[in-house]
Amino acid sequence: KWKGEGTTQNLESIVIGRCYDYIRIVNPAVGEKNCSQIWEAFKNAFINKDPCSILPKDYELFINLTLHVIPPNKSLFWENNQLLVNSFADRGRRYMSLGDTLFGFVVDFLTWCGQADSPGLDYESCPTTVECENNAVESFWRIASITYAQHSSGVIHVLLNGSADGGAYPQPGFFADYEIPNLQKDKISQIVIWVMDDIEGPDTDSCGTNSVKTLETRLETLGYDVTCTDNDKSVMFLLCLD
């Protein structure tokens with residue numbers, strides 16, 4: 001038995017349903033997609049396999065079937081504030097975070113894994129990243145993050161949590177390890193960092209200090225035009241509202 005929670009119940013129905021929800025209602029601009037085929041490609045990446053030997057490349061077919069244009073200036077990267085990002089992005093209306101793309105949307109907040117000797121899903125337990133790095137969920141989000149970064153363009157926004165333990169810019173982290181290295185420099189005009197403290201939370205990190213300074217220096221060294229704002233008003237209103 002693994003330490004992580006098992007596969008989300010009704011996973012197939014959720015993935016296929018979310019796929020149709022996305023192409024019909026959330027973002028019809030992506031055009032027609034074959035949702036059953038998308039589910040099959042997703043499932044075949046990890047079903048019948050050792051749950052600790054799933055690699056990002058196993059999801060390549062799924063990514064290819066779900067890929068669509070990410071509008072310029074709409075990309076919103078983040079660390080340690082997923083719920084805030086979701087409400088701020090507003091399902092792609094304001095911004096299109098990874099969870100607002102078709103490939104992110106269909107599995108956001110879900111858990112899944114298979115078993116080496118079984119064609120079924122493991123509903124009992126799935127491995128955590130501490131137990132093994134190459135688990136089904138971790139490897140999925142790696143290729144999804146890489147793909148998202150490669151297809152982002154224009155002004156890039158990054159929303160960080162200035163109250164997070166260990167700093168706003170975690171290393172290792174998805175943004176540090178998979179997204180920054182895969183940004184396409186020639187397609188990006190500016191990187192805008194927003195550091196948001198939790199309401200009544202500690203102000204652990206700010207623009208120009210600690211881990212945010214590390215991030216700014218890294219991006220500037222790579223040749224990007226970087227600006228940083230602490231507690232941006234528009235995001236702060238949302239935090240206050242919640």
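- Linking Ile, Leu, Val, Met, Phe, Trp and Tyr whenever their side-chain heavy atoms come within less than 4.5 Å puts Phe174 and Leu110 in one cluster.
- Thr227 has its side chain within reach of Gln190: a pair of non-hydrogen atoms, C-beta onward, lies under 4.5 Å apart.
- The two atoms that bring Leu159 and Asn81 nearest to each other are O-ND2, 3.2 Å, heavy atoms only.
- Here the CD1-CG distance, from Ile38 to Leu65, works out to 6.0 Å after rounding to the nearest 0.5 Å.
- Rounded to the nearest 0.5 Å, atoms OG1 (Thr7) and CG (Asp122) are 6.0 Å apart.
- Checked by atom type and distance alone, the side chain of Arg218 pairs as donor or acceptor with a backbone atom of Ala176 at under 3.5 Å.
- Residues satisfying the ring pair (Phe, Tyr, Trp, His ring centres under 6.0 Å) test with Trp78, not counting sequence neighbours, are none.
- Between the Arg93 side chain and the Phe88 main chain, no donor and acceptor come within less than 3.5 Å of each other.
- Under the 4.5 Å side-chain contact rule for hydrophobic residues, Phe237 and Val192 do not share a cluster.
- The number of heavy-atom neighbours closer than 6.0 Å to NZ of Lys57, taken from other residues, nucleotides and ligands shown, is 12 or below.
- A heavy-atom distance below 4.5 Å is not found between the side chains of Asp198 and Glu200.
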Listed pairs under 3.5 Å, donor-acceptor, residues 177-184 side chains, sequence neighbours left out:
| residue | atom | partner | partner atom | Å |
| --- | --- | --- | --- | --- |
| Asp177 | OD2 | Gly173 | N | 3.2 |
| Tyr178 | OH | Arg142 | NE | 2.8 |
| Glu179 | OE2 | Ser145 | OG | 3.3 |
| Asn182 | ND2 | Tyr178 | O | 2.7 |
| Gln184 | NE2 | Asn182 | O | 2.9 |

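- Here the side chain of Thr209 pairs no donor or acceptor atom with the backbone of Asp205 at under 3.5 angstrom.
- Within the model, atoms CG of Leu239 and CG of Asp232 stand 10.5 Å from one another, a figure rounded to the nearest 0.5 Å.
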Evaluate the side chain to side chain contact (heavy atoms under 4.5 Å, CB included) criterion for residues Ser75 and Tyr148: first the C-alpha distance (whole Å), next the side-chain angles of each, then the deciding distance (0.1 Å), finally the verdict.
CA-CA 8 Å; Ser75 291; Tyr148 179 70; 3.6 Å; yes

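- Under a 3.5 Å cut-off, the side chain of Ser125 and the backbone N or O of Glu5 do not form any donor-acceptor pair.
- His151 places no side-chain N or O within donor-acceptor distance of the main-chain N or O of Val69, the cut-off being under 3.5 Å.
- Taking the six-membered ring for Trp and thresholds of 30 and 60 degrees, Phe140 and Tyr59 have ring planes more than 60 degrees apart, a perpendicular arrangement.
- In terms of heavy-atom proximity, Asp242 sits nearest to Ser87 at OD2-OG, 4.2 Å.
- In this structure, Lys33 and Leu102 have side chains that are in contact, with non-hydrogen atoms separated by less than 4.5 Å.
- Checking Asp108 against Gln82 by side-chain atom types alone, a donor-acceptor pair falls below 3.5 Å.
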Side chain to side chain contact (heavy atoms under 4.5 Å, CB included) between Met96 and Thr101, intermediate numbers included
CA-CA 7 Å; Met96 186 178 281; Thr101 64; 4.2 Å; yes

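- Annotation: the span from Asp21 atom CG to Ile14 atom CD1 amounts to 12.5 Å, rounded to 0.5 Å.
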Report the C-alpha separation of Lys43 and Glu40 in whole Å, then their side-chain angles, then the decisive distance to 0.1 Å, and conclude whether the salt bridge (charged side-chain N to carboxylate O under 4.0 Å, His left out) test is met.
CA-CA 5 Å; Lys43 180 183 72 172; Glu40 290 299 320; 3.3 Å; yes

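- When all heavy atoms of Ser163 and Pro202 are compared, the closest pair comes out as OG-O, 2.5 Å.
- With hydrophobic clusters built from ILVMFWY side chains whose heavy atoms lie under 4.5 angstrom apart, Tyr20 shares a cluster with Val106.
- Between Lys213 and Glu220 there is no salt bridge, since none of the side-chain N atoms of the basic residue sits less than 4.0 Å from a carboxylate O of the acidic one.
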Start with the C-alpha gap between Trp194 and Phe77, add the side-chain angles, then the distance that decides, and say whether ring pair (Phe, Tyr, Trp, His ring centres under 6.0 Å) holds.
CA-CA 10 Å; Trp194 287 316; Phe77 294 85; over 10 Å; no

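- Nearest heavy-atom pair, Ala164 versus Asn80, reported as atom, atom and distance to 0.1 Å: CB-ND2, 3.6 Å.
- The shortest side-chain heavy-atom distance between Asp58 and Lys49 falls under the 4.5 Å cut-off.
- A ring-centre distance under 6.0 Å is not found for Trp39 and Phe62.
- Of all non-hydrogen atoms in Ile143 and Pro56, the two that sit nearest each other are CD1-O, 3.2 Å.
- Of the possible polar contacts, one joining the Asp230 side chain to the Cys207 backbone as a donor-acceptor pair under 3.5 Å is found.
- In this structure the side chain of Trp2 reaches within 4.5 angstrom of the side chain of Cys52, judged on heavy atoms.
- A donor-acceptor pair under 3.5 Å is formed between the side chain of Glu216 and the backbone N or O of Gly208.
- To the nearest 0.5 Å, atom OG of residue Ser211 and atom OH of residue Tyr169 are 8.5 Å apart.
- When only modelled atom types and interatomic distance are considered, Ser13 and Asn10 share no side-chain donor-acceptor pair under 3.5 Å.
- Formation of a donor-acceptor pair under 3.5 Å by the Ser139 side chain with backbone atoms of Ala136 is not found in this model.
- Counting heavy atoms from C-beta on, the side chains of Asn135 and Cys113 never come closer than 4.5 Å.
- In this structure the side chain of Leu215 reaches within 4.5 angstrom of the side chain of Phe175, judged on heavy atoms.
- A chain of hydrophobic side-chain contacts below 4.5 Å, direct or via other Ile, Leu, Val, Met, Phe, Trp or Tyr residues, connects Leu241 to Val235.
- Remark: the Asp203 side chain and the Ser206 side chain contain an N/O donor-acceptor pair separated by less than 3.5 Å.
- More than 12 non-hydrogen atoms from other residues, nucleotides or ligands lie less than 6.0 angstrom from CD of Gln150.
- Gln171 is listed as a side-chain neighbour of Thr214, based on a closest heavy-atom distance under 4.5 Å.
- Two different hydrophobic clusters hold Leu55 and Val137 under the rule that ILVMFWY side chains link at heavy-atom gaps under 4.5 Å.
- Of the possible polar contacts, one joining the Tyr22 side chain to the Asp100 backbone as a donor-acceptor pair under 3.5 Å is found.
- Without hydrogens or angle criteria, Arg18 side chain to Phe105 main chain gives a donor-acceptor distance under 3.5 Å.
- The nearest pair of heavy atoms linking Ala89 to Leu76 is CB-CD2, 4.3 Å.
- For Glu131 and Thr128, the side-chain atoms include at least one donor-acceptor pair closer than 3.5 Å.
- One distance of note links CD1 of Ile193 with SG of Cys228; it measures 5.0 Å at 0.5 Å rounding.
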Can you check side chain to side chain contact (heavy atoms under 4.5 Å, CB included) on Leu121 and Leu11, steps first, answer last?
CA-CA 9 Å; Leu121 300 162; Leu11 183 70; 4.2 Å; yes

Verify side chain to side chain contact (heavy atoms under 4.5 Å, CB included) between Thr204 and Asp165, making sure each step is shown before the conclusion.
CA-CA 8 Å; Thr204 328; Asp165 283 348; over 6 Å; no

